Undergrad: 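First, the structure itself, so that you have it in front of you.
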Amino acid sequence: RMRWAMVVVSAVLVVVGLISEAIKGESPADCSEGLSSATRADARPRANLDCANLVGADLGGVDLTGASMSGARLMGSDLNGARLADADLRGAKLFGSVDLSNADLSNADMADADISSAELAGADLSGANLVGAGLTGTDLSTANLTGADFSQASWNRNLPPSWPDGFKPPSDADIWG
């Protein structure tokens with residue numbers, strides 16, 4: 001019960017903040033040069049959590065389909081089973097003890113995101129854009145990587161990502177260390 005109460009309170013605070021910004025006619029500032037809120041061709045509303053500080057947040061099982069979370073800081077967060085399909089996570093910080101196991105990240109834009117050492121057991125990354133993503137120590141061995149683009153991804157040679165059997169890592173990876 002306590003977990004659900006925290007999720008509800010967090011969601012209410014986000015909604016209140018978004019309504020307040022809409023009334024004022026303001027939009028969240030970019031947290032990093034080159035990041036901006038993405039737009040959709042359809043009229044479906046999406047949560048705008050660009051640059052949000054969600055360190056340690058409990059978002060397990062939450063539906064964030066299509067959310068804009070570019071530049072968000074999610075270190076230490078629980079996103080186990082979260083629905084992040086079509087989400088914009090460009091430049092997001094998802095490293096460390098982030099739990100993305102069983103998360104739906106299908107068709108998510110995770111270009112330049114840092115998911116080093118994140119837990120991705122059973123995650124669906126099919127069709128995801130991970131161009132330039134940081135993957136040091138990330139266990140992708142049981143994730144669905146069908147059609148995912150890992151071009152120019154980077155990792156430390158002493159702690160490479162674990163790939164599913166038969167998966168061919170990108171030939172243009174930036175391997176350092």
Side-chain angles (χ1 to χ4, degrees), residues 3-4 6-15 17-18 28 30-32 35-151 153 161-164:
R3 177 180 170 166
W4 284 109
M6 290 174 60
V7 169
V8 170
V9 168
S10 296
V12 169
L13 291 173
V14 168
V15 170
L18 293 174
D30 290 340
C31 57
S32 178
L35 293 179
S36 62
S37 180
T39 56
R40 296 178 65 90
D42 61 16
R44 182 174 142 199
R46 63 191 277 179
N48 185 338
L49 298 169
D50 288 343
C51 308
N53 182 358
L54 299 168
V55 174
D58 183 356
L59 300 170
V62 173
D63 187 355
L64 292 166
T65 302
S68 184
M69 301 172 74
S70 62
R73 294 181 310 273
L74 293 143
M75 295 82 77
S77 295
D78 177 5
L79 292 147
N80 185 326
R83 292 179 295 284
L84 293 154
D86 300 306
D88 178 359
L89 289 156
R90 292 172 295 137
K93 306 300 181 214
L94 296 145
F95 58 85
S97 58
V98 173
D99 184 0
L100 286 160
S101 52
N102 302 306
D104 179 1
L105 291 154
S106 57
N107 300 307
D109 188 352
M110 299 175 73
D112 299 315
D114 189 351
I115 59 171
S116 296
S117 299
E119 174 61 48
L120 287 149
D124 182 1
L125 290 156
S126 59
N129 174 14
L130 289 119
V131 173
L135 303 174
T136 297
T138 303
D139 185 358
L140 298 162
S141 62
T142 60
N144 177 358
L145 306 181
T146 305
D149 185 356
F150 289 94
S151 302
S162 300
W163 302 101

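Because the structure is a prediction, the values reported are computed rather than measured.
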Undergrad: Verify the distance criterion only: is there a donor paired with an acceptor across the side chains of D50 and S70 at less than 3.5 Å?
TA: yes
Undergrad: Once you round to the nearest 0.5 Å, how far does CG of N107 lie from OG1 of T65?
TA: 11.0 Å
Undergrad: Work out which heavy atom in R73 is nearest to a heavy atom in C51; give both atom names and the distance.
TA: NH1-O, 4.0 Å
Undergrad: Given side chains that start at C-beta, do those of D88 and R46 come closer than 4.5 Å, heavy atoms only?
TA: yes
Undergrad: Apply side-chain contact (heavy atoms from CB on, under 4.5 Å) to residues M69 and N48 and explain how you reach the verdict.
TA: CA-CA 6 Å; M69 301 172 74; N48 185 338; over 6 Å; no
Undergrad: Can you tell me if S162 uses its side chain to pair, donor with acceptor, with the backbone of D139 under 3.5 Å?
TA: no
Undergrad: If the condition is side-chain contact (heavy atoms from CB on, under 4.5 Å), which residues does D99 pass it with, not counting sequence neighbours?
TA: D78, N80, S101, E119
Undergrad: I'd like to know if the side chain of N129 pairs up with that of D149 as donor and acceptor (distance under 3.5 Å, no hydrogens or angles considered).
TA: no
Undergrad: So which heavy atom on T138 is nearest to which on I115, and how close?
TA: OG1-O, 2.7 Å
Undergrad: Using a 4.5 Å cut-off on heavy atoms from C-beta on, say whether the side chain of R83 contacts that of V62.
TA: no
Undergrad: Working note: L84 + D63, criterion side-chain contact (heavy atoms from CB on, under 4.5 Å); need CA distance, chi angles, decisive distance, verdict.
TA: CA-CA 7 Å; L84 293 154; D63 187 355; over 6 Å; no
Undergrad: Once rounded to the nearest 0.5 Å, what's the spacing between atom CZ of F150 and atom CG of L130?
TA: 4.5 Å
Undergrad: With a 4.5 Å heavy-atom cut-off, do R90 and D112 have their side chains touching?
TA: no
Undergrad: Which atoms form the tightest heavy-atom contact between L100 and A118, and what is the distance?
TA: CD1-CB, 4.4 Å
Undergrad: Of the non-hydrogen atoms in G122 and T142, which two are nearest, and what is the gap between them?
TA: N-OG1, 3.1 Å
Undergrad: CG/L140 to CG/L135 distance, rounded to the nearest 0.5 angstrom?
TA: 6.5 Å
Undergrad: Could you report the tightest heavy-atom contact between M75 and V98, atom names first, then the distance?
TA: CA-CG2, 3.8 Å
Undergrad: Are the side chains of S77 and L59 in contact, using a 4.5 Å heavy-atom criterion?
TA: no
Undergrad: Can you check whether T136's main-chain N or O pairs, donor with acceptor, with S116's side chain at less than 3.5 Å?
TA: yes
Undergrad: Do the side chains of K93 and L74 get nearer than 4.5 Å, heavy atoms only?
TA: no
Undergrad: So do L94 and L79 actually touch side chain to side chain, heavy atoms under 4.5 Å?
TA: yes
Undergrad: Which atom names give the shortest non-hydrogen contact between S97 and G76, and what distance separates them?
TA: OG-CA, 3.5 Å
Undergrad: Who passes side-chain contact (heavy atoms from CB on, under 4.5 Å) against D124, sequence neighbours left out?
TA: D104, S106, S126, N144
Undergrad: Taking it one step at a time, do D86 and D109 satisfy side-chain contact (heavy atoms from CB on, under 4.5 Å)?
TA: CA-CA 7 Å; D86 300 306; D109 188 352; over 6 Å; no
